[in-house]
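Written below as structure tokens is the structure these notes are about.
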Protein chains: 2
Amino acid sequence: MDLNERRQKILAAIIEQYVKTGEPVGSKSLLEALQLSLSSATIRNEMAELVEMGYLEQPHTSAGRVPSHKGYRYYIDNLMGENELNDVQRRRIEQSIPKNMHEPERLLEQANEVLANITNCTAVSTTPACEGVLIRKIEMIPIGSRTAMLVILTSTGILKSEVCRAGGELTPAVCEAFYNIISRTLIGRRIDDVSSAMLQTIAATVSDEFLTILPLLAGVADIAAAASQADVLLEGQSNLFNHRELEENALELIEFLKKSERLSRLLASGKAKFDIKIGEENEYRQLKNSSLIVAKYNIKGKESGTIGLIGPTRLNYAQLIPSIKYLTDLVGRIITQGLEE
Amino acid sequence: MDLNERRQKILAAIIEQYVKTGEPVGSKSLLEALQLSLSSATIRNEMAELVEMGYLEQPHTSAGRVPSHKGYRYYIDNLMGENELNDVQRRRIEQSIPKNMHEPERLLEQANEVLANITNCTAVSTTPACEGVLIRKIEMIPIGSRTAMLVILTSTGILKSEVCRAGGELTPAVCEAFYNIISRTLIGRRIDDVSSAMLQTIAATVSDEFLTILPLLAGVADIAAAASQADVLLEGQSNLFNHRELEENALELIEFLKKSERLSRLLASGKAKFDIKIGEENEYRQLKNSSLIVAKYNIKGKESGTIGLIGPTRLNYAQLIPSIKYLTDLVGRIITQGLEE
DNA sequence: AGTTAGCACTCATAAGGTAAGAGTGCTAAC
DNA sequence: GTTAGCACTCTTACCTTATGAGTGCTAACT
């Protein structure tokens, strides 16, 4: 399974050249890239061996070689040096992300935009959602005689709101009753506990004169559910059309990305803080020709959400991976800092 | 400039067949569609005349005819009967749009989704923004010792919020001072009047002990600006790739749609309640192969925003136009109704 | 004058053939 | 283990040809 040094060099050179040009790499053009004093025939023998072992593929007999997903995998795990970000790249990321952004969702939108731009791929991220998120605040802002805007704020900084219609007039007494119930039963609780069963119980305790607030409680349940769930944010879907190797699949891929529940599960599925799935390593058919890179960001030291990238398998991993890692760390730091203020 | 009855019939038949098949229409296949007892030669003579007059185009000498933008224009203005929506279509629209939606933005997102789905084009809409919008409410919800969420609500039902950091602790006294200033100077005013100049004036009246609220006032200016401006909502961009005639332009077109200021101006530019721009009638080069259909929706009887459609020029106008009109009216009614409660 | 049959003509498209070029695999010699 | 040499494969581009759809024009017809 392991490769001797020469084969490693050849594999790395093929991948790097292929990533650059997009064309199958032939033995002659490899000679120039490699420092070894060998003939093309020897390279050919080695390349044939690498095909045999599954690290390379041959589009057709008389074509050069193209890395297989196994080849990319070996390269990423063993051969690739992760380039440090240079100042320009680092500054580009930092300048695009406002430091004083207090809303995780907007911050992630920004992060997605940067990532989609610098990679020319589709960026995808999920808003913070982890075990044990608490309800920090619930507010009701009357905006009409019977309608109110409900706002929920979680311990991870997630804000959700919804306009909701009460069963009757929102008199000061009704508002007070609402706040009493909320602060007694919900504030400080875990957001996952706000089940409809729990709300039934709460509703049962509401005295007859304040039954008008029941729709508001239902509204609270809605926004609590919305806040406890990770939202999926996408950016740069149309970038996928810029990659020749994806062109046939691009539409199907974009269709796939629209189903956010599935995507959300996919992003959360990896155990590691950083994960790459190359081509056929992906469980979904629609991603068979794509790479998926997922990194998790920490809030208060706890893995809370993900930032990911979807593109063709032909990616400059050595460049992209450090960028994603840096961006992910940065986002985590900014959100954490925003919460501590 | 006007066409005799026979030419009108021929033009209409060509357009309808072309819209259906996407293939240039030849004289023979037209014979079957037309009820006239004529020979193909006569049809050919007439078609040649219609080309001469600019209503049709010929991809190459030995091909059938394709409608020009002038042809579509004549068809829409004079020949096309607007199909009434049948029950299925009407129900499809109604069921996709929740009646009790209190937030215009979410309602429009829904509307866009329906429209993009039923037309297989890109839907675009703008949130309500018209002259004389008033500030109905401003709220500050403290979410940390020094940070607060600011919320603004306009007379058209637009809600905007932003998290903002104050210059110091948000003590009850500070909050009270903030509300005093706001209700004295902003509530009930026209939202366009909240200029930075006005805020300067207001800021000058703040007593020294409450200078900490100045950043909050800046935040209010931000959300006021955001609320006074029409947002552009897009849906179904990738649908453009499904139209063969757009394939070359699709990426460029999507890029064009990303610039929301320009798009917003474009949508607002039409004077009429309903407007169609076909192909070259569009002022932007990027829309040269596309049709843009824009309808305005009324809130409280006043034109307040737009719902539009972008697709190829080859559209089933007779079907689409009634759908858009119906959808637009429905959206206007629901928003208006939501405000009256 | 309007209509039509007939026919030569144009052009896109598909299919087949050929040549060039890149790259390979294999063999035999080093 | 390495390499020069060479036959072989396969893609690509280009040309030719045939087919067919559709036209424009002319001359005859009503």
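Convention: sequence-line order gives letters A, B, ...; per-chain numbering from 1.
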Under 3.5 Å, side chain of B:S29 to main-chain N/O of B:V25, donor-acceptor pair present? no

For B:E113 and B:S96, test the side chains for any donor-to-acceptor distance below 3.5 angstrom and give the result as yes or no. no

Among residues 39-51 of chain B, which residues get a heavy atom nearer than 4.0 Å to DNA chain D? B:R44, B:M47

Nearest atoms (heavy-atom pairs only) where A:P59 meets A:V66: CG-CG2, 4.2 Å

I need the single residue from B:L267, B:I307, B:T306, B:T328 that forms a side-chain contact (heavy atoms from CB on, under 4.5 Å) with B:K296. Which is it? B:T306

Rounded to whole Å, the CZ-C1' distance (A:R65 to C:dA22) equals 13 Å

Which residue, B:S37 or A:T61, contacts DNA chain C at a nucleotide closer to its 5' end, judged by nearest heavy atom? B:S37

For the student: nearest non-hydrogen atoms of A:L56 and A:M47, plus distance: CD1-O, 4.2 Å

Decide if atom NZ of B:K28 counts as having more than 12 heavy atoms of other residues, nucleotides or ligands within a radius under 6.0 Å. no

Between C:dA22 atom P and A:Q17 atom CD, what is the distance in whole Å? 15 Å

hbond_proxy A:S62 side chain to D:dT9 base (donor-acceptor, 3.5 Å cutoff): yes

Take atom CG of B:L30 and atom P of D:dA21, then tell me their distance rounded to the nearest Å. 16 Å

From the list D:dG24, C:dT4, C:dT24, which nucleotide is the closest neighbour of the side chain of B:L38? C:dT4

Examine B:Y317 together with B:Y72 and report whether their ring centres are nearer than 6.0 Å. yes

Nucleotide D:dT2, atom P - distance to CG of A:L36 in whole Å: 10 Å

Whole Å only: how far is the NZ atom of B:K28 from the P atom of D:dT23? 10 Å

Using the six-membered ring wherever Trp is involved, compare the ring planes of A:Y74 and A:Y55 and label them parallel, tilted or perpendicular (cut-offs 30° and 60°). perpendicular

If a stem is a run of at least 3 consecutive Watson-Crick or G-U pairs, both distances under 3.5 Å, which stems include DNA chain C? C:1-30 with D:1-30

